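The structure under discussion appears below in the form of structure tokens.
Keep in mind it's a predicted model, so treat the numbers as computed, not measured. FYI, side chains are in, hydrogens and waters are out, and symmetry mates aren't considered; it's all heavy atoms of this structure. In what follows, chains carry the letters A, B, and so on, assigned in the order in which the sequence lines appear, proteins first and then strands, with residues in each chain numbered from 1.
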Protein chains: 2
Amino acid sequence: MPPTPQSPRPTDAELEILRVLWSLGPCTVRQVHDELSPKRDVGYTTMLKLMQIMTDKGLLLRNESQRSHVYRARQKETVTQKQLVKDLVSRAFGGATEKLVMQALSSKKATAQEIADIRKLLDEMEGGVQ
Amino acid sequence: MPPTPQSPRPTDAELEILRVLWSLGPCTVRQVHDELSPKRDVGYTTMLKLMQIMTDKGLLLRNESQRSHVYRARQKETVTQKQLVKDLVSRAFGGATEKLVMQALSSKKATAQEIADIRKLLDEMEGGVQ
DNA sequence: AGAAGACTACGAAGATCTTCGTACGATGCA
DNA sequence: TGCATCGTACGAAGATCTTCGTAGTCTTCT
């Protein structure tokens, strides 16, 4: 199969927009702007411009069949998260994923449920088909 | 105690320099440049400028007692790694550290040893003083 | 001493990111 | 029909990041 075309790593502002789209599903600029206005005081045309640029970059897809264009994330949330984690692992941990995991775990009190979930994942990895 | 003064998140180029300093210990610009030259074709004065700016930002400390100034990372590697992980967790995972851990683990075949290490850490977290 | 080399400081260019103002077309309503 | 509103497109400004050239100082070697 063809490799997934690589989108550039989203910037901070772009990631905020992606998170809204992942959370709400496809949205107009207006919807994203209303959603983010409380925490980020940014003009409407700024948001529009950002989302246009993100579309050019391949981070978003745009449906222009309506007057108000409808945008959605091109990649699923988990795919982008995986890329970001992989990127951080290579930039800051020399590629050692388990070091990142240890750092993340040791800096956070996880609940018993979360610990159990992680254990289960480890079990699957060990017992798995390789 | 006074809170640790926050340094800005290092950029990609800055993180590369930090990694050299963490690995080799305090270095001159020349040493860092020699170390990075193979993988990054960048001029000497570029490296110098970057490290001067990093010093201004508080990412590096500089010893000027010699003609060739000696730079070192202000934060320990693990501290910066923790900050970067925390930052990514908040920007991309809505603060859910365990989601990042799961993503990291599921996208990597860990060795038996690494899995064992993580299990041990989980044991400590559960049995810990809490 | 004088030339060559190494070092720091600094200004500025080019790229990217974020922001907004303005222009202009669509829609909807008095 | 005419006007206010909402939408997109786009240029450009300001901030930051990365890059390098040049100038000036200090050291070393012949």
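Using a 4.0 Å cutoff to heavy atoms of chain A, the contacted part of DNA chain C runs 5' to 3' from dC17(C) to dT27(C).
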Side-chain donor-acceptor contacts of residues 91-106 of chain B below 3.5 Å, not counting sequence neighbours, with atom names and distances?
unit_1: R91(B); atom_1: NE; unit_2: D87(B); atom_2: OD2; d: 2.8
unit_1: R91(B); atom_1: NH1; unit_2: D12(A); atom_2: OD1; d: 3.0
unit_1: R91(B); atom_1: NH2; unit_2: D87(B); atom_2: OD2; d: 3.1
unit_1: E98(B); atom_1: OE1; unit_2: K108(A); atom_2: NZ; d: 3.4
unit_1: Q103(B); atom_1: OE1; unit_2: K82(A); atom_2: NZ; d: 2.9
unit_1: Q103(B); atom_1: NE2; unit_2: Q81(A); atom_2: OE1; d: 3.3
unit_1: S106(B); atom_1: OG; unit_2: M102(B); atom_2: O; d: 3.0
unit_1: S106(B); atom_1: OG; unit_2: Q103(B); atom_2: O; d: 3.2

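Partners of E35(B) according to the side-chain contact (heavy atoms from CB on, under 4.5 Å) rule, which considers only residues two or more places apart in sequence or in another chain, are V20(B), L24(B). Under the side-chain contact (heavy atoms from CB on, under 4.5 Å) criterion, E64(B) pairs with R62(B), H69(B), not counting sequence neighbours. The side-chain contact (heavy atoms from CB on, under 4.5 Å) test applied to S65(A) returns N63(A), not counting sequence neighbours. Partners of M47(B) under the side-chain contact (heavy atoms from CB on, under 4.5 Å) rule, at least two apart in sequence or in another chain, are I17(B), V29(B), V32(B), H33(B), L36(B), V42(B), M51(B).
Of all the residues in residues 35-55 of chain B, Y44(B), T45(B), L48(B), K49(B), Q52(B) reach under 4.0 Å from DNA chain C with at least one non-hydrogen atom. Residues from residues 8-15 of chain A lying near DNA chain C, meaning a heavy-atom separation below 4.0 Å, are T11(A), A13(A) in numerical order. Residues of residues 56-70 of chain B having a heavy atom closer than 4.0 Å to DNA chain D, listed by number: K57(B), R67(B). The stretch residues 21-30 of chain A does not touch DNA chain C, since none of its heavy atoms comes less than 4.0 Å from the strand.
Side-chain contact between L88(A) and L84(A) is absent, with no heavy-atom pair separated by less than 4.5 Å.
Within the structure, side chain to side chain donor-acceptor pair (under 3.5 Å) contacts touching residues 20-29 of chain B (residues at least two apart or in different chains) are T28(B)-Q31(B). Residues in residues 39-50 of chain B take part in these side chain to side chain donor-acceptor pair (under 3.5 Å) pairs, two or more places apart or across chains: E16(B)-R40(B).
Of all nucleotides present, none satisfies the Watson-Crick or G-U wobble test against dA26(C) with each distance under 3.5 Å.
For the residue pair S7(A)/R74(A), the side-chain donor-acceptor check at 3.5 Å is satisfied. At a cut-off of 3.5 Å, with distance as the only test, a side-chain donor of D117(B) or Q113(B) sits close to an acceptor on the other residue.
Of the residues listed (L122(B), L121(B), D123(B)), the one engaging I115(A) in a side chain to side chain contact (heavy atoms under 4.5 Å, CB included) is L122(B), and it is the only one.
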